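Okay, so here's the structure we're looking at.
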Amino acid sequence: MKNACVVGYGAIGPIHVSAIKKCEYASLYGICDNNPEKLNLAKKECDCAVFSDFNEMLKDENIDVVHICTPHYLHKDMAVAALRSGKDVVLEKPLTLNKEQLRELCELKTDKKICAMLQNRTNQSVVTLKNIIDNDKSIGKLIGISAFLTWQRTPEYYNADEWRGKWKTEGGGLLINQAVHTLDLVDWLGGGIKSIKASISTKKLGDVIEVEDTADALLEMNNGAGGLFYASNAYTNSTPPRVELNFENVTFRYADERLYKITNDNVSIIEQDNNIPEGKQYWGCGHKKVINEFYKVLSGEKGSYITLEDAIHVMKVLFAFYESGKNNSNKIFIEDINL
């Protein structure tokens with residue numbers, strides 16, 4: 001049984017707490033937050049130790065794993081400090097704000113493990129689709145892939161936290177915070193994005209934020225397939241993502257938390273996600289699965305989790321997206337994003 005401490009008790013921290021409590025390989029040892037109101041809330045909701053100082057918390061030898069659920073600009077430094085203190089780490093997205101920080105994280109010499117929180121990979125429909133792609137040769141070659149994400153983020157959302165909506169502290173807007181999970185599904189299911197020609201804009205919240213609320217891109221996949229990506233935080237509400245893969249002999253569409261199989265004469269639902277999510281409905285329910293698998297491996301049992309190495313490519317795609325979007329939609333090859 002591994003002792004866990006969750007750092008940051010804001011929007012996503014309680015989701016990690018809930019997952020830890022349900023994990024047979026983990027025990028919630030503590031919560032750390034420098035906001036007195038959030039720490040008081042943690043005291044009321046959780047029977048565990050509380051810490052107001054991150055560095056003091058790291059000195060506690062009873063803590064085995066640190067969950068970093070803090071604002072984006074703190075992720076890299078906190079992850080490095082935790083690893084150097086001998087703790088394993090569960091790291092929320094984004095791993096880092098930029099490629100320089102990612103390089104530092106990758107170059108750190110440690111025997112401790114990082115679990116990257118790309119939880120949409122564990123949605124049941126996505127697991128089923130990945131298994132088909134990897135094992136069913138009858139579907140033929142991938143011809144095209146597209147993704148569509150429409151969420152809502154209001155001025156109140158950004159005004160509630162000073163770090164949001166700023167390049168320096170959030171690292172971006174829609175892409176790095178909300179759409180990164182959908183971008184990851186395109187990259188992971190599609191066999192890797194080779195190049196990207198993108199645009200980013202602020203269509204609705206320009207008087208509130210300095211970062212983008214809308215983004216689109218033309219993609220080239222490693223196997224030569226073409227791709228399209230569109231995402232925006234300027235919609236009227238937040239809905240689950242849609243990802244479609246068009247193969248030579250069949251099309252698969254992941255939408256409405258269901259996996260559709262589409263042929264010339266039939267449309268059928270072949271899988272459905274667990275519709276009892278932790279947190280907001282459109283977040284999905286993957287946090288618990290990712291966290292449980294990580295602690296299972298840490299406990300010495302067979303299993304697999306989403307490693308730092310697993311997440312590097314989509315982070316490079318993310319940075320290429322921004323680089324292209326900021327530079328007149330120049331075509332960027334992902335291999336040119338050097339760490």
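Here the structure is a predicted model, which is why all the values come from computation and not from measurement. Reckoned from all heavy atoms, side chains included, excluding hydrogens, waters and symmetry mates.
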Next on the checklist: Below 30° counts as parallel, above 60° as perpendicular, anything between as tilted: where do the rings of Phe247 and Phe252 land?
Outcome noted: perpendicular
Checklist entry - Do NZ/NE/NH1/NH2 and the carboxylate oxygens of Lys166 and Glu210 come within less than 4.0 Å? => result no
Item to check | Residues forming a salt bridge (Lys or Arg N to Asp or Glu O under 4.0 Å) with Lys302, sequence neighbours excluded | outcome: none
Checklist entry - With Glu271, which residues qualify under side-chain hydrogen bond (donor to acceptor under 3.5 Å, both in side chains), at least two apart? => result Thr128
Checklist entry - By side chain to side chain contact (heavy atoms under 4.5 Å, CB included), which residues pair with Asn135, not counting sequence neighbours? => result Asn131
Checklist outcome for this item: Residue set satisfying side-chain hydrogen bond (donor to acceptor under 3.5 Å, both in side chains) with Glu220, at least two apart, ordered chain then number -> Ser195
Checklist outcome for this item: Residue pairs meeting salt bridge (charged side-chain N to carboxylate O under 4.0 Å, His left out), one or both in residues 115-141, sequence neighbours left out, come to Arg121-Asp184, Lys130-Asp134
Checklist outcome for this item: For residues 38-66, the salt bridge (charged side-chain N to carboxylate O under 4.0 Å, His left out) pairs (sequence neighbours left out) are Glu56-Lys59
Checklist outcome for this item: On a heavy-atom basis, the closest approach of Leu175 and Phe321 is CD1-CD2, 3.4 Å
Item to check | For Ile262 against Val250, the heavy-atom pair lying closest together | outcome: O-CG2, 3.4 Å
Item to check | Parallel, tilted or perpendicular: rings of His72 and Trp163 (30°, 60°) | outcome: tilted
Next on the checklist: Checking Asp187 now: which residues fulfil side-chain hydrogen bond (donor to acceptor under 3.5 Å, both in side chains) with it, not counting sequence neighbours?
Outcome noted: His313
Item to check | Those residues that, when tested against Ile143, pass side chain to side chain contact (heavy atoms under 4.5 Å, CB included) (two or more places apart) | outcome: Asn246, Glu248
Item to check | Smallest separation among heavy atoms of Ala81 and Phe54, with atom names | outcome: CB-CE2, 3.9 Å
Item to check | Pairs where residues 307-327 contributes a residue and the test salt bridge (charged side-chain N to carboxylate O under 4.0 Å, His left out) is met, not counting sequence neighbours | outcome: none
Item to check | Residue pairs passing the side-chain hydrogen bond (donor to acceptor under 3.5 Å, both in side chains) test where at least one lies in residues 78-88, sequence neighbours excluded | outcome: none
Next on the checklist: Once salt bridge (charged side-chain N to carboxylate O under 4.0 Å, His left out) is applied, what residue pairs with a partner in residues 89-111 remain, sequence neighbours excluded?
Outcome noted: Lys76-Glu104
Checklist entry - How would you list, by chain and number, every residue that makes a side-chain hydrogen bond (donor to acceptor under 3.5 Å, both in side chains) with Thr122, sequence neighbours excluded? => result none
